[in-house]
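Report on the following structure.
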Amino acid sequence: MEDSAELESILPYLPLVIGSSRRLLWPSKVVEALEAMSRGPDHSRVNCGEVLSIAISDMRASLSLADPLALSAPLGYALFFYELMSGADSRKWFAEDIPKLANLLLRLPSLLEVHYQNSRAYGYGLRILGPQQPGMVLLSQELIGALLACSLFCLFPISNRGLKHLPTINFDQLFASLYDSYSESQENKVRCIICYFQRICLQMPTGSVLFELKLLSLEYHPWQSFLSYPYADFGTKSNIPLCPFQVHSSGLIEDHAIEALEVDFANKYHGGGALHRGCVQVIYRLGRIGATESHGDHEFVNYFK
């Protein structure tokens, strides 16, 4: 695989390594564990939440991930797949879905290599976008599924994420909260995530998602075609009257006019506390631009910065 500035920026945040042949790969012990799980519970013995958490810990050790999982994460995995999920659904999950997710993770290195080969001409590769850096990232839905499977198995390194102000990505806190302070909303959030994995295991989607980070410049220049940040105290000192507006405290987003402005100030990070105990929907929609738009097999997500 050719060297790529995009890959170099994201590699410290991925669970993969670059081998002697410049190819992305899993450490050999992780490959052995994933291959065992791909052959089903009769071979891997991963047939319940408790054993799944042990398998996760073993793979993390093989990746030399020093940061411990949330203390109650193993208990949360055990609780969800043994008590909160029905016996039939749990057996199906470990017999059918876990092997398919293991196979998907085994393909992650090749999926990423194809991704970077395809994105080289357009600059849409997976990468870290820094402050004041607009850009686009185009990911196949299969690659997204593989990356989310890494989150489910808590395989992402997290020790250096704070340097880039990156939010939580592994699911250990999500499952730990089920045990530490159970709530129905938290259970349903986990059920929704598990349903996603069940759906992609049933039939992998073949579309793509384009993430776009738009820029609000810190300074205004007449030749710029985009907006600039207002000063921090602009709102408190401004004498400009507000235009007429209506606030709707009930109903659904889709019930209101397409030109409506929808803003959620719940969290300064994209996604907010969704992988902890947060249950708000963080969405920003400006007129017809939309935070999320679907066009055929492609979905476009716009973030404003």
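Both backbone and side-chain heavy atoms feed into the values below; hydrogens, waters and symmetry mates do not.
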Is it the case that the side chain of [X] and the backbone of [Y] share a donor-acceptor pair, with hydrogens and angles ignored and the cut-off at 3.5 Å?
{"X": "Arg23", "Y": "Ser21", "result": "no"}
{"X": "Gln141", "Y": "Gly207", "result": "yes"}
{"X": "Glu142", "Y": "Leu111", "result": "no"}

Closest non-hydrogen atom pair between [X] and [Y], with its separation:
{"X": "Val137", "Y": "Gly125", "result": "CG2-O, 3.6 Å"}
{"X": "Asp180", "Y": "Ser72", "result": "OD1-OG, 2.6 Å"}
{"X": "Ala73", "Y": "Ala176", "result": "N-CB, 3.6 Å"}
{"X": "Asn47", "Y": "Val51", "result": "OD1-CG2, 4.0 Å"}
{"X": "Arg60", "Y": "Pro68", "result": "NH2-C, 4.1 Å"}
{"X": "Lys29", "Y": "Ser62", "result": "CB-OG, 3.4 Å"}

Could you give the distance from [atom1] ([X]) to [atom2] ([Y]), rounded to the nearest 0.5 Å?
{"X": "Ser90", "Y": "Glu83", "atom1": "OG", "atom2": "CD", "value": "11.0 Å"}
{"X": "Ile194", "Y": "Leu84", "atom1": "CD1", "atom2": "CG", "value": "11.0 Å"}
{"X": "Met136", "Y": "Ser119", "atom1": "CE", "atom2": "OG", "value": "13.5 Å"}
{"X": "Leu65", "Y": "Asp67", "atom1": "CG", "atom2": "CG", "value": "7.5 Å"}
{"X": "Ser86", "Y": "Lys92", "atom1": "OG", "atom2": "NZ", "value": "10.5 Å"}
{"X": "Leu34", "Y": "Trp26", "atom1": "CG", "atom2": "CH2", "value": "6.5 Å"}

Quiz item: For Arg39, does the CZ atom sit with more than 12 other heavy atoms under 6.0 Å from it, leaving out its own atoms?
Solution: no
Quiz item: Heavy-atom count around Tyr13 OH within 6.0 Å, excluding the residue itself: above 12?
Solution: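 Yes, because the 6.0 Å sphere around OH of Tyr13 holds more than 12 heavy atoms from other groups.
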Could you check whether any side-chain heavy atom of [X] comes within less than 4.5 Å of a side-chain heavy atom of [Y], counting everything from C-beta outward?
{"X": "Gln186", "Y": "Leu174", "result": "yes"}
{"X": "Val17", "Y": "Leu24", "result": "no"}
{"X": "Leu105", "Y": "Met37", "result": "no"}
{"X": "Tyr122", "Y": "Arg120", "result": "no"}
{"X": "Phe171", "Y": "Ile193", "result": "yes"}

Quiz item: Who are the salt bridge (charged side-chain N to carboxylate O under 4.0 Å, His left out) partners of Glu187, not counting sequence neighbours?
Solution: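 Counting only residues at least two positions away or on another chain, Glu187 forms a salt bridge (charged side-chain N to carboxylate O under 4.0 Å, His left out) with Arg191.
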Common cluster, [X]/[Y], ILVMFWY with side-chain heavy-atom separation under 4.5 Å:
{"X": "Leu147", "Y": "Leu106", "answer": "yes"}
{"X": "Val190", "Y": "Leu69", "answer": "yes"}
{"X": "Tyr196", "Y": "Leu178", "answer": "yes"}
{"X": "Leu25", "Y": "Phe156", "answer": "no"}
{"X": "Leu155", "Y": "Leu148", "answer": "yes"}

Self-check item: Qualifying residue, where the test is side chain to side chain contact (heavy atoms under 4.5 Å, CB included) with Phe197 and the options are Asp97, Leu202, Leu152
Solution: Leu152
Quiz item: Can you tell which of Leu11, Leu7, Leu126 makes a side chain to side chain contact (heavy atoms under 4.5 Å, CB included) with Leu112?
Solution: Leu126
Exercise. Would you mind listing every ring-ring contact (aromatic ring centres under 6.0 Å, His included) that reaches into residues 53-85, with sequence neighbours excluded?
Key: Tyr77-Phe175, Phe81-Trp93, Phe81-Phe94
Self-check item: Inter- and intrachain pairs under side chain to side chain donor-acceptor pair (under 3.5 Å), touching residues 145-160, at least two apart
Solution: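 Not a single pair qualifies under side chain to side chain donor-acceptor pair (under 3.5 Å).
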Quiz item: Which is it for Leu139 and Tyr124 under the side chain to side chain contact (heavy atoms under 4.5 Å, CB included) test, yes or no, and what are the steps along the way?
Solution: CA-CA 8 Å; Leu139 304 177; Tyr124 288 174; over 6 Å; no
Practice problem: Step by step, work out the side chain to side chain contact (heavy atoms under 4.5 Å, CB included) result for Phe211 and Ile144. | Solution: CA-CA 12 Å; Phe211 297 88; Ile144 291 172; 4.3 Å; yes
